[in-house]
Each structure stands twice: as C-alpha cells, then as structure tokens.
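Step one of this worksheet: look at the structure below.
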Protein chains: 4
Amino acid sequence: MAYDGSVRELRGIIPPMFTPLKGLDELDAAGLERLIEHILDGGVHGLFILGTTGEALSLSYRLRREVIERTCRQVAGRVPVLVGVTDTAVVETVELARFAAKVGADALVVAAPPYYPVTQGEMLNYVEYLARELPLPTFLYNMPSHTKFQFEPETVRSAMRLDKIVGIKDSSGDMGYFHNLLTLLDERPDFNVLIGPEALLGESVMMGGHGGVCGGANLFPRLFVAMYDAAAGRNIPNVLELQKKIVLLSRSLYQIGNASSSLLMGLSAALSCLGICNDELALPYSRLSDQKREEIRRNLDMLRDEGLGSPNRIPELAAV
Amino acid sequence: MAYDGSVRELRGIIPPMFTPLKGLDELDAAGLERLIEHILDGGVHGLFILGTTGEALSLSYRLRREVIERTCRQVAGRVPVLVGVTDTAVVETVELARFAAKVGADALVVAAPPYYPVTQGEMLNYVEYLARELPLPTFLYNMPSHTKFQFEPETVRSAMRLDKIVGIKDSSGDMGYFHNLLTLLDERPDFNVLIGPEALLGESVMMGGHGGVCGGANLFPRLFVAMYDAAAGRNIPNVLELQKKIVLLSRSLYQIGNASSSLLMGLSAALSCLGICNDELALPYSRLSDQKREEIRRNLDMLRDEGLGSPNRIPELAAV
Amino acid sequence: MAYDGSVRELRGIIPPMFTPLKGLDELDAAGLERLIEHILDGGVHGLFILGTTGEALSLSYRLRREVIERTCRQVAGRVPVLVGVTDTAVVETVELARFAAKVGADALVVAAPPYYPVTQGEMLNYVEYLARELPLPTFLYNMPSHTKFQFEPETVRSAMRLDKIVGIKDSSGDMGYFHNLLTLLDERPDFNVLIGPEALLGESVMMGGHGGVCGGANLFPRLFVAMYDAAAGRNIPNVLELQKKIVLLSRSLYQIGNASSSLLMGLSAALSCLGICNDELALPYSRLSDQKREEIRRNLDMLRDEGLGSPNRIPELAAV
Amino acid sequence: MAYDGSVRELRGIIPPMFTPLKGLDELDAAGLERLIEHILDGGVHGLFILGTTGEALSLSYRLRREVIERTCRQVAGRVPVLVGVTDTAVVETVELARFAAKVGADALVVAAPPYYPVTQGEMLNYVEYLARELPLPTFLYNMPSHTKFQFEPETVRSAMRLDKIVGIKDSSGDMGYFHNLLTLLDERPDFNVLIGPEALLGESVMMGGHGGVCGGANLFPRLFVAMYDAAAGRNIPNVLELQKKIVLLSRSLYQIGNASSSLLMGLSAALSCLGICNDELALPYSRLSDQKREEIRRNLDMLRDEGLGSPNRIPELAAV
C-alpha cells in the first residue's frame, strides 16, 4: 500500500523513531535500516524521526541530515515521514526543514525552542514565522517537560488559522489539556491531535484523539497499532487488555536507570537485546550498564511469556 | 595594559555581551565594534560573548563563528575573551570551541545542554567529556531557569578536580547556594566563582565571590566596575550607594515588556537609544515596540539626572 | 433505597459538596439543606463534605463540626457520607474524625497536611498513625496542587496493606499516574480508585476507575451520574456526548475570575443564581463581583439551551 | 534591660523558637523554660514563637495557646514576643491572635494560608481583613516553599499602607527579591524587613536589612547576635569569619536526614544532645534515629573544637 503523500488527517500510530548510533557522531546505518523495517512491519501509519526519542537535539546537524536522508530513501513512500526540526536557533530549524523537503520528507514537527523562556505571544509569533518559511506541512509539538513551554489552547487556536500548521502532538500527559485541544476541532476538523505518552493512547483515541506518537512502538509496533485499532473501533475489552500490556511494558523496560532518560535507556537496551540496533546514546545520556542491560533482557523474556511474544506478534489479541 | 593570557583567577566584571543584529542571520558589525569599545572603555576585566544575554542559542552557527572571530580580532588581547559554547548537541559545542581557540579566545563557558533533563551524574559525565575535548580553560555556567539544571555543590566539587574546569558562573539568584559554592574554594583556591544577577554583585563580592557577569555592564560598564571595586575594597557606604543605582537601573530598563525577555529587550532598546548598536532580537524574541522604546528613552534621561550620567561617567562616585 | 453502611467498593459519583455560608463563620443552614436535597435528587452514590470544594480548611473547627452534624442528620443514611478531615495538625484531624464518627459519618478523606513539605516515608508514617487512630474507613486524597505532595504508587501500595485505608481520590489530573494506581488493584481488588477532575471522569471509568468526586455534581448531579453510567456501561457514544457537555459546563462556569479559585467562584455563583444557596466564600477567597455573576447567569441560560436543562434533567440523554 | 513594649523598628536577632514536646499533644514545659532562658542568655532582640521552626501548624490549638501563655509569662517583657498565627482558617487565626494579645504577646506574624492557592489580590484582601481584626502589630511572613505564595513587592507596598502591618520576614532565600523589599523602605522607613535563611543574615544586614529570624539561634543565639552586630557595624572581616561558622553549623547539623525537615530534625536533636529540651517532633515529622542523633552529637563536639564552644560563648570573636 503506497502512501499518497498527504499528512493531513493523519490517523494511527506514528512511532518516534530511536536513532541508532555507533558513536557520538556516527550513525549505525545497518541498525537504522533494520529498525525502520521492524517498525514498518508492525503496520504503523507514519514514522516520526528526530523527535525526543530520536535524541535529535543531541545530534550534530550533519548526523541529523544523514538520518533524514537515509530514512526517506528507505521508507520510500510506504508511510509518511515526519521530521523533527526543533532547535534553539530558528535559522538552523529552517535550513534543516529545507533539507528534509528536498530529500522527500512529508511533514515537520516543531516544539518551542528549548533555551529561552517564551510567552504565548512570542511563541505564536515564532510559529507564524515558521509557517511562512517552512516548506512542508508542520505539526506543533507540546513538550513542556523538555521545553518549559506549554501551548495554551488559545495559542493553538490562533496557530490553526495557518494552513501550514496541520496538527499537534501533545506529550504533556495532561488529559484535561488534551480535551481542551479536542474542542478546537470544531473550528478546523482536519486538524490532527496526537498523543505522546503511551499509557494514554487508548483513552485519548476513544475520546476523539487521532493517534499516538508512542516510543514503545519502536519495539512493539504491532501492540500500539492494535491499541489504536481497538480504541478507534470502540472495543473497550480489547483496549483494557492491551492497556495492561502497555503498562507492563512500561514498568518492565522504562524504569531501570534514572528518571528522565529511563525511557530512552530502556528502549535502546531492549532494541539492542533483540538484535535490531546498537544502544549507544548521545551525550548527555549514556547507555545502560551491562548489569542493567541484563535486567532488560530478563524482562523482555518475561514480556514474551506474558504474550507480548516476539515484538511483532501479539497472538492472543490476534484472536480477539 | 595588555592582558597576559590567563583566565585563571579571573577577578572583576566580565560583561555578557549583547549580540547586535541587523537581521535574523545578519550581524550588525559596526554596532558590534562600537559596543566592544564602549564596554572596554568602562574598564572591565573580561568579555563574555555568546552567553544568554548574547542570545547565542538563538543564532546560527555561522553567525556565532562570525561573532567569535570579529570579537577576538577587535579585543586583540586587551582583556580575556570568554566564549559561550552551550548547545544541545555536544558535537557542535566541541566544534565551536575549537573554532574559538583557533581565532584567539581565552576561555569557554558551558551550561547544561538545555533540552534533555539530566541528573547530576549525567552532567558530571558530560563535563568530564568536555574537559577532555575542549581546547581552552572552561567555566561552568549554572543557569537553572533556562536549562532546568542546577549544578549541585557536590557535582561542582567533582568537576573542580579537572584542571580544565577553572570556575563557575552562577545565575541561579540563590545566595544560599552561592555560599555553598564559596566553601568549595577551601579545596581549590584558584577556582573562580562569579555571580550573574547584577543586584547580587555587591554582596557576593563582599562575601568572597570573585566578580560578576552582569548584563547591565553592556550599558553602564563603569557602574559595575565601581561596584566591584567598592565591594572588593570593603567600602560598604559606596556599595550601598551603587546598589541603589543598580536597582534603579534594573527597575527603569528591565521591567518594560514581558517577563523573561525583559532584560534583553530593555538592554537592547537602551543600547539602540544611545546609538551604540541595533536592537534587533533573534527569534523567539522581538525588539520592543516603538512606544515602549520611548519609555526606555525617557527612563535613560531620568537615569542621567540620577547621576548615572553618560554611561561611562559616574561623577559622584568618582568623588567617593 | 437505604444505604447499607459500607463504603468499601464504593462506585459512582460522590460530589464534593460546596459549603453554603452566610458569613465568615456562619453556615447558610437552609441553603445546606436545599443543596443536599438537590444533589441527592440527582441519584448520586455518596456525598463528600469538607473537601477542597467544601472550603474545609478555610472554616473554623466549630463550623466544620456543624456541617458534619447537619449533613449526617439530613442525609440520614440515604447515601454514605464521607468527611474531609485534612488539617495541618494531626491532633485536630483525629478529633474531627471522632466527632464525625459519633454523629454518623461513614468514612473519612485525608490529604497530606498542607504546610510542611513531606517525604514519601514521612507521609506513610503519617498514614499509619491515622490508620491506628481514625475511627472510620479512610480514603487517601492525592491533591498535589494544594498540598505540594503526590502519593507515589509505592506509598499507596504500602498504605493499602492497612485495612482502614479503603481507597484513594486522585485529583492530580495526571492520567499516567492514575493508571499506575489502577495496577495496584491486582493486589487488593476491593480498593477504591476515584478521580477528581471532572473532564477525566468518563475515560477514567472506562479504563477501570471506580467513579468520580466531581465539583460540578453540586450543580448538575444527574449529568455526572449519567456520565458514570455511560462509562461503566461502556457506551462510548454517550460518553462522548456527555463529555462535550461537561467540557462546556467547565468552560462556561469555571473560567470567570482568577485561576485557582475559579471553580469555587463559578460553582458558588451558579448555585446562588439557581436559588439553591448563598455564594459567600470563606477567606482567602471572595465571591464573584455582581458583573461576573451576571455572566454566570447568562451562561447558565445558555447551558439550559444546550440541553443541560434544569440542573437535574438531561432530556436528550434520558432518551439514550 | 526591660523591653519597652514596641515592636516597631525592631532590629537584630529574633529566633524562631523550637517548640519542645513530650508527646504529640504534650508540651515539654521544663524544656520550654530552659530553651527560653538559653536563647535570652544569648542577647537576642526578640523571640518568635509558633513559626515554621516552632512546628506551629502541626500543633493543636490547645497546645499553641499553652505555648503562647507560658512563653509570655516567662519572658516577662525582657524582649518582645512575636506569635505566629498562620492558619488555613482565618477565624482560628483571629482567635489565636486575640488570645496572644490577652496574655501579653507583643506582635503577630502571618504567612499566607497554606492550602488554597491565592492570587496577589486575594492575599491583599486577606491582609486587609487581618489588619482590621488583629489586636497587635503584625509582620507578614513570606514563605513560598511552605505556602506556595510569594508576596510580590507591589502587594507589600499596598500592605504597608496599613498601620497595623509593621514589617515582613522573608524566608524565600531570594536576595534579588529581598533587595526589592528594601527599596520599599523609601516609602515607610519604620517598616521592618527581616531575613529568614541564616546563611543570608550577614549580607542582608550589610545591605540594609534589619535583622534575622534564624533557626540556628535556638542553639547558638550568641553566634547570630555576633553576626548581626558585625554586619550592622560594617565589620566585614568579622562577618566573613562568622559566616564560615554559620555555614559550618548548617552543614554539620541540618543535613542529616531528609530534605525539607532536616533543619528541624538536626536542630531538635542538637538541643536534646545539649540537655536543653526534648527532641520529639510533631507529625508529619519524626525525630532523628538514634544513629543519626549520634552523628549530631559528634558534630556538636566538632563544632566546639571549631570554636563554637559552648553554645553561648564564642571566645575568638569576643576578642574581635
């Protein structure tokens, strides 16, 4: 099934791809290939590269361009490719975006520039600038834990008037806020509202959200696609069964190591245990110790016994 | 008086230079020249470029290199030039640092990378990497309001064991924390502890700090040099008189416009009113409206009447 | 239908009752009577007095006892009465709890004491003390915005081992956290997990929560009972329709006036417009100005036109 | 030297007295007597009971009244007695204040009520109510870490117009804020501006502050009186020497045990080691374990060797 080229009204699971590295400024190119195929095999609806899970802001511009180019070439139109272009310097954001457009990306994703604190008005001004300069449809990215900025619904409402701005990914974890975003759809029904935190995927889609950008879908893409299908299909028993697996996944893999980097550390260690790609992380982060990596390996075995099977088979739910 | 090339045991006022722009990616080169001369005329002890006040993280790498090169050439060894190389991507930090060393900078300044939340251990690991890779003596930069990271005193203690790390600039505004930093000097007396917020310059130096990196010294360098001299000379009456002027300055110029960018906006507008340089700001910020710029102009007149005179003359205190 | 006396496995809507006042230390006793009857007419499953919406901590102990006594007498066993006994001083908490037990209350609700910051271990110690001293089944109350304390799931797990602790009301608004609480049910299936924020009622119940303590149920109890029924009955179309009304309610009534007190102000003004009770608030809060009260009145009319009808009739959904 | 009855223009050290307990609701009356005499022997300028260090909000009202009555009787006019009457319920605040006035207290201290978040306007309204109802001169108490509220300088400016409001104790630890408070003295020179954190006593007094409410003065009152004298007398060498002792004291005694309660735990353990009073703490806090108490004892010995001598003798500085 070839992707027709539009990211408007994007629905479903758009995994925020991890970026496999061999060293601080060296891509694990073979791992990248395997990871892309592994994710696409899961039936996902798009691929988001160079987001938080992709460690984008920790990578050199050269490496970011390499990731964009290789990914676009390999995905080759099978699903839309969304490229994170968040940066502290807007000139670099625009440059990266132009590169992405040139090599075939489908859309861009931009969070607030993370260094200087900004007001809502300053951010709107910034978004308006981007809407003029960026060459592709653009998603806003609400990520207050990393950027110190939360898009107020009124700011999103103003940004929605710009045709270039096609959706928002909300990683705040605040469902009250998410409901406020959903009410904006009355004014522009083709706007996309996607959720970040994977534990909230099921309920957000049941309540009207359009899909999820879930880190765990690097590992178990089919699990998240199944959750999306169950929630979009209003099959609450399946949602509840899948929710247990998602919570179990998170508790098994993301809580080894320290607070804020634990998702990245657990995810990369697990990908490496499964032979998909290297688990090198970019500074300021580092990969898990061998001892903790062993814990991840044991937990992956346990997850298999719990029916998470090989990453891309979820037998019991196939039966539902 | 030629500067002898060492930034170890740096003392005094090291203004964080504003970066004059003509456009989003265009330097106001003539303004830069005038600004440098204006600041050096004030008798400052160093110059810190590409810090928060220099909007470094909002500028393209190309522009940052241009600022470094032009500044080093023009300062020409009269005072040490410190270069901010904070970035989200450590590879770019190292590259920028190498460039700075090549064109004659004296030291580097690095805050935590601002996007990903880091633990103390991760940050220490990061600093150890920098200490190996950076080509110049390096100051840590504690800037929790912008980076979400505060260097714990124990982390600074560990970093102090690295010869390459020569000091810390603390912009937390937390004097209890600053006192904890000062106690570390027992272990390494040549370590530099500098304060950021200008209202705290006087007391921090009286209590044992080594100087200040005060934004207002772009505008009134001699005022801050006078405060440093008064505090280092333990002349409390002068400290109190100068403190009133510093507080007045802050209330007159930095509180027009919005919260977090108000220092930058007021400072640049005032520099422009004085004919020193352009007041263009880099996105996500914008310069003050004409109306607010008028307010700044009136307040500058008032400051002159209050004896702040022309920026580089402070007559009454010359008499003290 | 008489309530049989147990609050274990409480399900449904337990409105956090507003406390009608005539003056700073004077109850609006007639208003209290009307409010109780209005709420019970809505078919709710319990009544929670002296919570945040009841302004408990702003009331004198004498007045708190009067509210407990009058409410228990009037409810007379029709639904369980839960009494908030949160206080900065544990001695007063225990005393109030004993009074509540004596006059017929069914359960207690306790948040962290709000003045001193506490660790998880200190809070567990505190809960263990309460479990020994309190005379009734007790719900924990997670209210970080007011108490600066969030019960970590591990702390709740430990507290669940105490038979006296029967459930938790979570007002954090963090659904990821709520899902972590739900996983604790594996260990003690009779534990109650209730949600505070009304916009999250529907999804929390669909995902396995047991009900809601929703401020809006003072005004429109039947609306929230309908939402509970729809969510518990897994009727997603009804959930979505009711969600729109709940969000509309919140936007119409709770966003007039200032931030943190706006729910209380809007709720009390609306109750007063409907002739149910007085809208006096206890210091540090004050009731809405007459002008804003008029806005509330107009919005109540609009809500009626939107089919929220008289508070206790929701015609269109009665038909579903 | 008899105190003349006015707290206006209070200067110097006003220790926030610890409340010695025998049990959760039982005063250690003999310990209270000894503690008062120990503190007054140190030459302090006032005594502040029932503040944060006095665990006021954790004590029953009965016990708070007992503390007020016994303290006023024993101090017997030797120094002014300030009574903390902060509470979540304003009716109880006023009642306690009237009791304090009746038994001879000199002034009151009030922080924001700690449960409900308040705006600046709401807090000003609250302060105006107190100014009408309270029977004694009243200090505002800025304690954002415990109350979630910081008095903005503009709010203090408005409150200063009320004759009943005579000063402010600032425990924010933010010296930039403190300087903003000091500028308000231009408008009302008899207003008192006192500092809370003991590490900031010296510089705050040198910069124009009027004294300190320092927890450590329960233990070493003469040390803090000496610091006040040195700073008020502009003797910087003595300030620096005393600062080292104050920082050492804090590092030796307040950093054993957990974060926010560590000052209280260390202070009470030390008072108990010195035989002054019991170290029982009120819930939600608990006294240090025996093992950690031993550490405190060893550190007290070390402090003696460092010249902090017996708590009320500081020999070397007596010589200065």
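Letters go in sequence order (proteins before strands), and every chain restarts at 1. Just so it is clear, the values below take in all heavy atoms, side chains as well, and ignore hydrogens, waters and symmetry mates.
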When heavy-atom pairs shorter than 4.5 Å are enumerated against chain B, which of A:L264, A:V118, A:T93, A:L24 gives the highest number?
A:L24

Pick from A:S286, A:P113, A:A111, A:P114 with the largest number of heavy-atom pairs that fall under 4.5 Å of chain B:
A:P114

Under 3.5 Å: donor-acceptor pair, side chain of A:K148, backbone of B:H146
yes

Per-residue contact mode, B:M123 against chain A (heavy atom under 4.5 angstrom):
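For B:M123, no heavy atom lies under 4.5 Å from chain A.
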
Chain A heavy atoms under 4.5 Å from B:P117: which part of the residue, side chain, backbone, both or neither?
both

Provide the closest heavy-atom pair for A:A89 versus B:R64 in the form atom of the first, atom of the second, distance.
CB-NH2, 4.4 Å

Atom CG in A:N125, atom OH in B:Y285: separation rounded to 0.5 Å?
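The OH atom of B:Y285 is 12.5 Å from CG of A:N125, to the nearest 0.5 Å.
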
I need the A:E95 CD to B:R62 CZ distance, nearest 0.5 Å.
10.0 Å

Is chain B contacted by the side chain of [X], its backbone, both, or neither, given a heavy-atom distance below 4.5 Å?
{"X": "A:A112", "result": "neither"}
{"X": "A:L59", "result": "backbone"}
{"X": "A:L63", "result": "neither"}
{"X": "A:E55", "result": "both"}

I want to check something: taking the side chain as every heavy atom from C-beta on, are B:S58 and A:Y116 in contact at a cut-off of under 4.5 Å?
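A side-chain contact exists here, since the closest heavy-atom pair is under 4.5 Å.
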
Within the 4.5 Å heavy-atom criterion, are A:S261 and B:E122 side-chain neighbours or not?
yes

Ring centres under 6.0 Å, that's the criterion: do A:Y61 and B:Y61 meet it?
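Yes, they do, as the ring centres are separated by less than 6.0 Å.
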
Which residue is it: B:D87, B:T88, B:T86, B:T52? I am looking for the one with a side chain to side chain donor-acceptor pair (under 3.5 Å) to A:Y115.
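Of the listed residues B:D87, B:T88, B:T86, B:T52, the side chain to side chain donor-acceptor pair (under 3.5 Å) partner of A:Y115 is B:T52.
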
